[in-house]
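A short worksheet on the structure shown next.
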There are 2 protein chains.
Amino acid sequence: MKQLPLFLFERCRITLRLNLAKLCLFLSGMYEVFFKKINEVIHLTADEEAIFKNYLKPKKLRKKQFILQEGDVCKYSIFVEKGLLRSYSVNEKGNDQVVQFALEGWWIADLYSFITGEPSRYNIDALEDCELLLINNDGLKEVRRQIPKFLEFSFLQMQNAYIALERRWSHMVTLSTEERYNKLLDKYPDIVQRVPQHMIASYLGLTPETLSRAKKQMTLPK
Amino acid sequence: MKQLPLFLFERCRITLRLNLAKLCLFLSGMYEVFFKKINEVIHLTADEEAIFKNYLKPKKLRKKQFILQEGDVCKYSIFVEKGLLRSYSVNEKGNDQVVQFALEGWWIADLYSFITGEPSRYNIDALEDCELLLINNDGLKEVRRQIPKFLEFSFLQMQNAYIALERRWSHMVTLSTEERYNKLLDKYPDIVQRVPQHMIASYLGLTPETLSRAKKQMTLPK
DNA sequence: AAATACCGTTGATAAATATCAATGGTGTCG
DNA sequence: CGACACCATTGATATTTATCAACGGTATTT
C-alpha cells in the first residue's frame with residue numbers, strides 16, 4: 001500500500017483539531033435553552049439529560065427553508081434553541097394564514113399530524129436562521145417512559161398551551177383590531193419587532209392593509 | 001324517657017327503606033358515564049375507581065342555574081353525566097359570548113381560573129337539568145399521584161383538547177359562515193338540536209340575525 | 001450597479017356583518 | 001285563560017373589513 005505524503009496527514013490533523021473545537025462549542029451550546037426551559041419546571045439529573053440527548057436531533061435551518069410542508073407528515077416536534085419560525089396554512093385563495101410563531105425556547109409542530117400520522121395541512125418555515133432540536137413521537141414516548149417526571153412536565157406544558165390558546169381565542173372574539181395588536185405588542189414585543197408586518201396581520205386575522213390603517217389610527221387619534 | 005308511639009317508628013322504617021333504594025339507584029347510575037369514558041383510554045380496577053369516588057362530588061343542577069359566575073374562582077372541574085351546559089363571557093356591550101358547550105361525557109371549567117385561583121371571567125350555566133360530577137384541583141392532583149395511569153390519561157385528554165381547539169381555530173379563520181355552521185351540524189348535531197339558535201350563533205362568532213340569514217341562504221340557493 | 005423581489009402605505013370601491021327596529025310565534029307561569 | 005318572557009325572522013341602515021390597484025422605499029440578487 002502506498003504511503004501518503006506527510007504534509008497531507010499533517011493538514012488533516014489540523015483540520016480535525018479545529019473541527020473538534022467547533023464541535024465541542026456546538027454541542028455545549030446546542031442544548032442550553034432546551035434544558036434551561038425544562039429545568040424551570042422539573043429537575044433533571046445529568047443522567048436524565050443524557051438519556052434525553054439520545055432522542056434529540058440537532059438541526060440548523062436557514063432563513064426561508066421549510067421544516068414541514070403541507071401534505072407531509074409532521075414527524076418531529078420542534079424545539080427552537082435559536083431563531084424564529086412560523087406555521088401557516090394556505091387558503092383556497094392562495095393567501096397565507098399564519099397560525100403560530102415560535103421564538104427561542106418555544107415548541108412548534110402540527111400536533112394533529114404528529115399524533116395521528118395524517119398529512120399536515122400546515123407549513124412551517126424559518127423566518128430567521130435557526131438552531132433546532134427535533135424529537136419524534138416514539139422518542140417522546142420513550143423519554144416519558146424512562147423519566148416519569150417528564151410525563152408530568154408534558155402534562156403541564158400541554159395544559160399551559162391549552163390555556164394560552166383559549167385566551168388567544170377569547171381575545172380574538174372579544175377585542176377590537178387595535179386592542180388585539182396592542183395585546184400582542186405588549187406580550188410579545190420580540191415577535192412584532194422581528195416579523196414582517198403582513199405576517200403579524202395574518203396572525204391577527206387581518207389583511208396587511210387593515211393592520212396598516214389600524215396602526216395609523218392609533219398614532220393620531222383624539 | 002318517654003317512649004315514642006310504635007306507629008311513628010314504623011313509618012320511619014318504611015321511609016328509610018324507600019330512600020335507601022333510591023340512593024342505591026342514584027349511586028349506581030351516577031358514575032356510569034364517567035368511568036365508561038375513562039376506561040375507553042386506560043383501565044381502572046375496582047379499587048382505583050373507589051379511590052376516585054372519594055374525590056368526586058355529585059351534584060344536580062336545574063336548567064338556568066349557574067355552577068360558575070364571573071368573578072368567582074372556578075373551584076371545580078366539571079364532568080357532565082347528564083344534561084347540557086355552556087360557558088360564556090359577557091362583553092362590554094352586555095352581549096353573551098358563548099365559549100363552549102358541554103354534553104354528556106364532556107368536561108367543562110375555566111381552566112385558567114381553576115389552575116391559578118384567579119377570579120373567572122366566564123359564567124357556566126345549565127341549558128338543561130344536569131347531573132354533574134365535581135372534582136377540585138387538589139383532588140385531581142391526589143388522584144394523579146395515587147393512580148399514575150391517570151396522569152397519562154390527563155396528558156392525553158389535554159392533548160386532545162388542545163388539538164380540538166386548534167382545529168376550531170383553523171375553521172374559524174378559514175371557513176365561511178355557512179361552512180362553519182355545517183361543520184358544527186355535521187360534527188355535533190346534538191348541540192345544534194338542543195341549544196337555542198342564538199347561542200349557536202354566538203358560539204360561531206355571529207349575531208343571531210346573521211345566522212338566521214345564512215341558514216336561509218343555504219336552503220334556497222341555486 | 002442595475003434589476004428584482006419584498007414590503008408598507010394609501011385611495012377607491014365592494015362585500016360581509018352588525019345594529020336597530022318591528023313582527024309573529026311559542027311556551028311558561030300565575 | 002291571559003300576561004309575559006323568549007325566540008327566530010325580516011327589513012333598513014351603518015360599520016367594519018376585504019379587495020383591487022398603484023406607488024415608493026429598501027433589501028437582496030445577479
Side-chain angles (χ1 to χ4, degrees), chain A residues 62-66 84 86 88-98 101 123 125-129 171-182 184-185 191-221, chain B residues 62-66 84 86 88-98 101 123 125-129 171-182 184-185 191-221:
Chain A
R62 283 279 174 76
K63 188 173 172 172
K64 298 204 181 186
Q65 281 186 321
F66 287 96
L84 174 53
R86 112 246 223 207
Y88 67 99
S89 60
V90 180
N91 66 18
E92 65 287 352
K93 285 176 210 139
N95 295 327
D96 292 358
Q97 311 263 185
V98 175
F101 297 110
N123 302 282
D125 65 359
L127 302 183
E128 301 174 357
D129 292 351
H171 291 156
M172 180 65 107
V173 175
T174 311
L175 304 181
S176 71
T177 295
E178 299 176 12
E179 286 169 324
R180 267 182 286 159
Y181 179 77
N182 282 326
L184 182 67
L185 195 59
I191 291 180
V192 179
Q193 240 169 7
R194 289 159 66 178
V195 171
Q197 186 172 298
H198 70 275
M199 292 186 192
I200 302 286
S202 169
Y203 178 81
L204 294 174
L206 304 167
T207 58
E209 294 95 332
T210 303
L211 179 57
S212 173
R213 285 187 253 257
K215 281 177 73 174
K216 198 177 164 191
Q217 284 300 319
M218 289 167 52
T219 57
L220 31 116
Chain B
R62 283 279 173 75
K63 188 173 172 172
K64 298 204 182 187
Q65 281 186 321
F66 287 95
L84 173 53
R86 114 245 222 211
Y88 67 99
S89 60
V90 180
N91 66 19
E92 66 287 352
K93 284 176 211 139
N95 295 325
D96 292 359
Q97 311 263 186
V98 175
F101 298 109
N123 302 282
D125 64 0
L127 301 184
E128 302 174 356
D129 291 351
H171 291 156
M172 181 63 107
V173 175
T174 311
L175 302 182
S176 72
T177 294
E178 299 176 11
E179 286 169 324
R180 267 182 286 159
Y181 179 75
N182 283 326
L184 183 66
L185 195 59
I191 291 180
V192 178
Q193 242 169 5
R194 289 158 65 178
V195 171
Q197 185 172 297
H198 69 275
M199 292 187 193
I200 301 285
S202 169
Y203 178 81
L204 294 174
L206 304 167
T207 58
E209 294 94 333
T210 302
L211 179 58
S212 174
R213 285 187 253 258
K215 281 177 72 175
K216 198 178 165 191
Q217 284 300 318
M218 289 168 52
T219 57
L220 30 116

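Reminder, nothing fancy here: chain letters follow the sequence lines and each chain counts from 1. Every value quoted in this text rests on a predicted model; they were computed, and no experiment measured them.
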To the nearest Å, give me how far apart [atom1] ([X]) and [atom2] ([N]) are.
| X | N | atom1 | atom2 | value |
| --- | --- | --- | --- | --- |
| B:Asp96 | D:dC6 | CG | C1' | 14 Å |
| A:Gln217 | C:dG8 | CD | C1' | 16 Å |
| A:Lys63 | C:dC6 | NZ | P | 11 Å |
| B:His198 | D:dA8 | NE2 | P | 6 Å |
| B:Met172 | C:dA16 | CE | C1' | 15 Å |
| A:Asn95 | D:dT19 | CG | P | 7 Å |
| B:Lys215 | C:dT17 | NZ | P | 17 Å |
| A:Lys216 | C:dG8 | NZ | C1' | 12 Å |

Would you classify [X] as touching base, sugar-phosphate or nothing, given that sugar-phosphate means primed atoms plus P, OP1 and OP2, and contacts are heavy atoms under 4.0 Å?
| X | answer |
| --- | --- |
| B:Leu211 | nothing |
| A:Lys93 | sugar-phosphate |
| A:Pro196 | sugar-phosphate |

Do the non-hydrogen side-chain atoms of B:Arg86 and B:Asp125 ever get within less than 4.5 Å of each other?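 Result yes, sub-4.5 Å side-chain heavy-atom pair found.
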A:Gln217 side chain near A:Arg213 side chain, heavy-atom distance below 4.5 Å: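 A side-chain contact is absent here, since even the closest heavy-atom pair is not under 4.5 Å.
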Search all heavy atoms of B:Leu204 against all heavy atoms of B:Arg180 and return the closest pair with its distance.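 Residues B:Leu204 and B:Arg180, closest heavy atoms: O-NH1, 2.6 Å.
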For B:Met199 and for A:Gly205, find the nucleotide of DNA chain D with the closest heavy atom, then tell me which residue's nucleotide is more 5'.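 The 5'-side residue here is B:Met199.
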Is the shortest side-chain N/O distance from [X] to OP1 or OP2 of [N] below 4.0 Å?
| X | N | result |
| --- | --- | --- |
| B:Gln197 | D:dT9 | yes |
| B:Thr177 | C:dT17 | yes |
| A:Thr207 | D:dA18 | yes |
| A:Ser212 | C:dT9 | yes |

Tell me whether the side-chain N or O atoms of B:Arg213 pair up with the base of C:dT19 as donor and acceptor below 3.5 Å, since no angle test is needed here.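 Indeed there is one.
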Using a distance-only criterion (donor-acceptor N/O pair, under 3.5 Å, no hydrogens), is the base of C:dC20 paired with the side chain of B:Glu209?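 Answer yes: a donor N or O sits under 3.5 Å from an acceptor.
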Please answer whether the main-chain N or O of B:Arg62 pairs with a side-chain N or O of B:Asp129 as donor and acceptor at a distance below 3.5 Å.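 Pair absent, no side-chain N/O of B:Asp129 close to backbone of B:Arg62.
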Approximate separation, where rounding is to 0.5 Å, of A:Asn182 CG and A:Met218 CE: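 Separation between the atoms: 3.5 Å.
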Minimum-distance nucleotide to A:Lys64 side chain [options: D:dT19, C:dT9, C:dC6]: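 Comparing D:dT19, C:dT9, C:dC6 against the side chain of A:Lys64, the answer is C:dC6.
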